[in-house]
Amino acid sequence: MSPTRQEIRAQRAAAAEARRQAERQTETAEPAAPAVPAPAGEVDLSPPSAAPEPYRPQPFTPDLIPEPVEVEVDVEGDLTPQEVDELGHCEAAFANGNRAEWMKWKAAHAVRSRRLHRHGGRTWPDYCQDRFGESESEVNRRIQQWPLLKAITEQQDRPRAIPDSHVHRLLPMVKQHGQEVTARAYVALRGWAAERRHRVTADVVDGLVELARAAEPPALTTSNTFQRAIEAKPKPKPTRSRKKEAVPAGVETAAQEQSSPETGGHPNLGDSTGEVPAGDESVVDAEIVDDPPPHRAIETRDLLQGLLARIESGALHDAPTEALKDISTAALSIADAADEILKGR
């Protein structure tokens, strides 16, 4: 028979009281008598005093989380000492969840970059589906985000959940200001907004990123910047329509090459099956998106990051030297072209 709610609360109260008594005994314990030095000319044979034990934080375990009650408790006012203790355990679980999330995707990064997924002949897309139940492109996106998620988690003074959409939208800011500055600004924004009961939505994060484009790091953690981010207008949503579109022969050939067994598909193009629906082989059910120009730039960025992921995973290990040189030259040209556009702004 499971314990009643009153029994559970009584057990917790007894445990909390025992902890407080142990702390009081430690505080009121008599200090050790000072060591008396040996007279001159004699050897001190007394045993050396033991060094104090360094503090070691106790590991967080699931049994520390208080059991939820079946009926919501109708209480008001300040928390009792026991409730303060329970809240501390619950918030420690939040911090533990953030830590587990970035560790998960760091581990996935290690599996991909070291090609540990090849055990049993599995490809990286197969491993993503088997272990994560996600497409290759989705897992690669999460891998791209884990360093920033780690930096945010480590800088939080109070554990708060970190939405995936926030981390994803902060990535352009990382390119300009780095992981630590971006994490510091985001953590400060969350704290500032919590004090004023403002909601931090993905649109607010977009506002912070836009303001960061023309700001120096010290200005990213000011109340003025946060207020402007809160008041920033949301970006217009792209209009979408589904149409049948004939695929040009050149595009169709390139898509078949990317999904061929030799290349294993493209990491940022979703599931790499390369299959065309039965029926008209020259027509696919394409989604036409009337997006503003910045969206095309984001697509280009994601495509290049997917290519980089393939190179890091060793897909071009046996490529001819001339081909690698051409890739290096093309990459530098892309970087130069992007820099020229930035200089003109």
Side-chain angles (χ1 to χ4, degrees), residues 1-31 52-104 148-167 170 180 182-205 208 221-223 225-227 229-231:
M1 180 177 178
S2 59
T4 64
R5 183 175 66 185
Q6 290 77 8
E7 291 172 338
I8 293 175
R9 291 179 67 89
Q11 292 171 1
R12 292 180 188 160
E17 180 61 26
R19 282 194 298 270
R20 287 192 290 273
Q21 289 181 0
E23 291 172 356
R24 284 195 292 268
Q25 290 175 0
T26 302
E27 293 173 354
T28 58
E30 294 185 2
E53 286 289 331
Y55 171 74
R56 294 185 177 87
Q58 298 301 312
F60 182 84
T61 55
D63 60 286
L64 295 175
I65 304 175
E67 290 294 329
V69 294
E70 295 297 330
V71 181
E72 185 175 343
V73 180
D74 185 16
V75 293
E76 295 181 359
D78 295 336
L79 297 181
T80 65
Q82 176 193 348
E83 289 173 327
V84 171
D85 190 57
E86 292 174 344
L87 177 61
H89 289 318
C90 291
E91 294 193 339
F94 303 156
N96 197 63
N98 290 338
R99 190 159 47 246
E101 185 70 6
W102 71 254
M103 290 173 64
K104 171 183 175 181
L148 178 57
L149 180 58
K150 176 177 182 288
I152 294 173
T153 300
E154 292 177 344
Q155 292 198 29
Q156 284 186 328
D157 57 350
R158 180 175 181 180
R160 293 183 172 92
I162 308 169
D164 173 67
S165 61
H166 290 193
V167 181
L170 285 168
E180 296 303 316
T182 301
R184 190 180 311 120
Y186 175 75
V187 170
L189 169 65
R190 291 289 300 272
W192 180 90
E195 292 175 357
R196 292 159 179 78
R197 303 295 179 91
H198 289 309
R199 289 185 59 212
V200 178
T201 64
D203 289 330
V204 173
V205 176
L208 176 64
T221 54
T222 63
S223 296
T225 297
F226 297 153
Q227 187 64 44
I230 293 288
E231 297 172 353

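Positions are given from 1, in the same order as the sequence printed here. All figures in this text were calculated on a predicted structure; none of them were measured in a lab.
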Visitor: Considering all heavy atoms of both residues, which atom of His166 and which atom of Ala202 are nearest to each other, and what is their separation?
Guide: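 Reported closest heavy-atom pair: NE2-N, 3.7 Å.
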Visitor: With rounding to the nearest 0.5 Å, note down the distance linking CZ in Arg197 to CZ in Arg199.
Guide: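 One gets 14.0 Å once the value is rounded to the nearest 0.5 Å.
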Visitor: Give, for atom OG1 of Thr182 and atom CD1 of Ile152, the distance between the pair rounded to the nearest 0.5 Å.
Guide: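 With rounding to 0.5 Å, OG1 (Thr182) is 8.5 Å from CD1 (Ile152).
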Visitor: With distance as the sole test, does Arg190 use its side chain to make a donor-acceptor pair with the main-chain N or O of Ala161 at under 3.5 Å?
Guide: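 Indeed, once roles are kept as given, a pair shorter than 3.5 Å links the two residues.
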Visitor: Report the distance from atom CG of Leu189 to atom CD1 of Ile230, rounding to the nearest 0.5 Å.
Guide: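 It is 6.0 Å, given to the nearest 0.5 Å.
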Visitor: When rounded to the nearest 0.5 angstrom, what is the spacing between CD in Glu154 and CG in Leu149?
Guide: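 Atom-to-atom, Glu154:CD and Leu149:CG are 10.0 Å apart.
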Visitor: Of the non-hydrogen atoms in Ile65 and Ala93, which two are nearest, and what is the gap between them?
Guide: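 Looks like CD1-CB, 4.0 Å.
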Visitor: How far apart are the C-alpha atoms of Val204 and Thr201, what are their side-chain angles, what is the distance that settles it, and do they pass the side-chain contact (heavy atoms from CB on, under 4.5 Å) test?
Guide: CA-CA 5 Å; Val204 173; Thr201 64; 3.5 Å; yes
Visitor: Would you please classify the geometry between the His198 ring and the Trp192 ring as parallel, tilted or perpendicular, with 30° and 60° separating the classes?
Guide: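 Taking His198 first and then Trp192, their aromatic rings lie parallel (interplane angle under 30°).
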Visitor: For a quick test of reading the model, state the closest non-hydrogen atom pair linking Val167 to Leu148 and the distance between them.
Guide: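 The answer is O-CD2, 3.9 Å.
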Visitor: May I ask you to decide if Val187's main-chain N or O and Gln156's side chain share a donor-acceptor pair within less than 3.5 Å?
Guide: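 Absent.
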Visitor: Is Ile162 close to Tyr186 at the side-chain level, that is, under 4.5 Å between some pair of heavy atoms?
Guide: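 A side-chain contact under 4.5 Å exists here.
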Visitor: Can you tell me how far apart CD (Glu83) and CG (Asp78) are? Round to the nearest 0.5 Å.
Guide: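 Going from the CD atom of Glu83 to the CG atom of Asp78 covers 10.0 Å.
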Visitor: Please check: side-chain N/O of Thr225 versus main-chain N/O of Thr221, any donor-acceptor pairing under 3.5 Å?
Guide: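 Not a single qualifying donor-acceptor pair exists.
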Visitor: Do Thr61 and Asp63 get their side chains close enough for a donor-acceptor pair, meaning under 3.5 Å?
Guide: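 A pair is found: one side chain offers a donor N or O, the other an acceptor, under 3.5 Å apart.
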Visitor: Specify the closest pair of heavy atoms between Pro159 and Glu91, including all atoms of both residues, with the distance to one decimal.
Guide: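 Shortest heavy-atom contact: CG-O, 3.1 Å.
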Visitor: Please find the pair of heavy atoms, one from Arg196 and one from Ser223, that lie closest to each other, and give the distance.
Guide: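 Scanning both residues, the minimum pair turns out to be NH2-OG, 4.3 Å.
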